[in-house]
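Report on one structure; see the data block that follows.
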Number of protein chains: 2
Amino acid sequence: MDDAMQGQGETARKVPTHELTYARLRDMVMFGVLAPGQPVTIQGLIRDLDAGMTPVREAIRRLTAEGALSLQDNRRVTVPRMTKELFEQLVHARLAIEPKLAELAAPKVTPALIARLTEIDAGIEPAIRAGDVQAYLRQNHAFHFALYEVAGATVLEDITRSLWLRFGPSLRAVLGRYIDSGLPDRHAEALAAMRAGDAAALAQAIRDDILQGVEQVQEALAAGEA
Amino acid sequence: MDDAMQGQGETARKVPTHELTYARLRDMVMFGVLAPGQPVTIQGLIRDLDAGMTPVREAIRRLTAEGALSLQDNRRVTVPRMTKELFEQLVHARLAIEPKLAELAAPKVTPALIARLTEIDAGIEPAIRAGDVQAYLRQNHAFHFALYEVAGATVLEDITRSLWLRFGPSLRAVLGRYIDSGLPDRHAEALAAMRAGDAAALAQAIRDDILQGVEQVQEALAAGEA
DNA sequence: GACGCAAGAATTTGATCAAATTAAAAGCAG
DNA sequence: CTGCTTTTAATTTGATCAAATTCTTGCGTC
């Protein structure tokens, strides 16, 4: 009874280092900290993440397996560059899977979940106004996956996670950019659909949200690079 | 001019050990060599695959990232057990993706590909008659992915690979079992659709092939375990 | 004499291994 | 059955080796 949360005393030796290292590197990719084409060196990560060689190595292997990083023929690792074809494939896959996840989640939505999602969504608008795109991306991510989680479809959820990961580097293009907050809030529509218990409407709201986000990224990419 | 293909002399140092190790371990999972629930120890693989610790470690991490292996809370690795829910999810995902891949591949099918697929398919029947289920599984895998490859949809292809991987351990149940060769050959139907250039028919053939395979696995599972 | 190219040295980075540390599991005594 | 000891395996670090890239130097040419 009293030993809950033990081991927190010193250095929090609960989760292994390689898990932590993976989580940190994953977030760097997911939220656009790393630029497309940027070389990712083992030695560099050892310094930056303050970890040993093995944990770093394993984190890189996991991320490459998920498509978040790519190995060049000369055994070096880089952040993958986004191509038009890849972008389309990723969007297509997201549109195929996420509305389905929302639909599966719909009947399992509880008032508690709605409350939590509302809370997350409430943090989004201020982040946009403050120009904190980093925070915006994180909140948006939290919103979507908190919903998908209750669908109980681990397979689709994992796939979706991988897709978001592969979008990450492109989000960097949005980072320094103005975000249009005048657009209709799809999260609000999603929440309304949840309160109404309307699965189809929820799926549609997610679809629209994806399309809206995609559009913003495309604009940013068009403005940023050739 | 003379140094092309160098380094092949001794031990063929072209592909790194961790790639080889990964490929071997992946195939063990993919083709049902490892049983569901079976513990996978690093030390064991070091012995069995005759590799160092680092390559083994990385292979395991990659496979876990792909869902082919799972980490328990007590930092041990096992082959995931198949549950009814997981099985349904995997089938659902395969049915959603693979016919689509076939459809995308259809317009890019060349006579050369048809010839190659025909050759692969020709090896299947003898394998079944000889009771070599291992060979059957490999040929079946080769057939599907040779087709999917030409679709040029890397994202969907990667996802499919992961799905097949997660089915692997269940295939073990089929390994010692009689395979009904009296069933209609869906590969033949697929080939016919390719020759006719009928994308819809090809997609349908793949769908049927999946369902047929699923049925065989389900029967084997029902017979084998509770 | 300046420029460009090429050969080779030095540095950076990745791959692999072996040893030490730490945590979990199994065996054993009470 | 509980608590302690032994043992096994995973984690992590550091060292060593190999490959690749970069930098430098020297030669030849214009």
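A, B, ... follow the sequence lines: proteins, then strands. Residue 1 opens every chain. Quick note: numbers below take in every heavy atom, side chains included, and nothing from hydrogens, waters or symmetry partners.
Within the structure, every side-chain polar atom (N or O) of B:Asn74 is placed at least 4.0 Å from both OP1 and OP2 of C:dA23.
In this structure the side chain of B:Tyr136 never reaches within 4.5 angstrom of the side chain of B:Asp132, judged on heavy atoms.
Residue A:His18 contributes atom NE2, which lies 12 Å from atom P of D:dA10 at whole-angstrom precision. Between the CZ atom of B:Arg76 and the P atom of D:dA10 there is a distance of 6 Å, rounded to whole Å. Between the C1' atom of D:dA10 and the CG atom of B:Leu71 lies a distance of 11 Å, rounded to the nearest Å. Put simply, CG on B:Leu69 is 13 Å from P on D:dA10, counting in whole angstrom units.
Between B:Thr160 and the choices B:Leu165, B:Ile97, B:Val155, the side-chain contact (heavy atoms from CB on, under 4.5 Å) rule is met once, by B:Ile97.
Within residues 40-61 of chain B, the residues having any heavy atom under 4.0 Å from DNA chain D are, by residue number, B:Thr41, B:Ile42, B:Gln43, B:Met53, B:Arg57, B:Arg61.
Remark: B:His187 pairs with B:Phe143, B:His144 by the ring-ring contact (aromatic ring centres under 6.0 Å, His included) rule, at least two apart or across chains.
Remark: B:Arg62 engages B:Glu19 in a salt bridge, criterion side-chain N to carboxylate O under 4.0 Å.
Among the nucleotides C:dT22, C:dT16, C:dA15, the one closest to the side chain of B:Arg75 is C:dT22.
With hydrogens and angles left out, the side-chain atoms of B:Glu98 and B:Tyr148 include a donor and acceptor closer than 3.5 Å.
Each salt bridge (Lys or Arg N to Asp or Glu O under 4.0 Å) pair with one or both residues in residues 153-172 of chain A, not counting sequence neighbours, appears once here: A:Glu157-A:Arg161, A:Asp158-B:Arg166, A:Arg166-B:Asp158.
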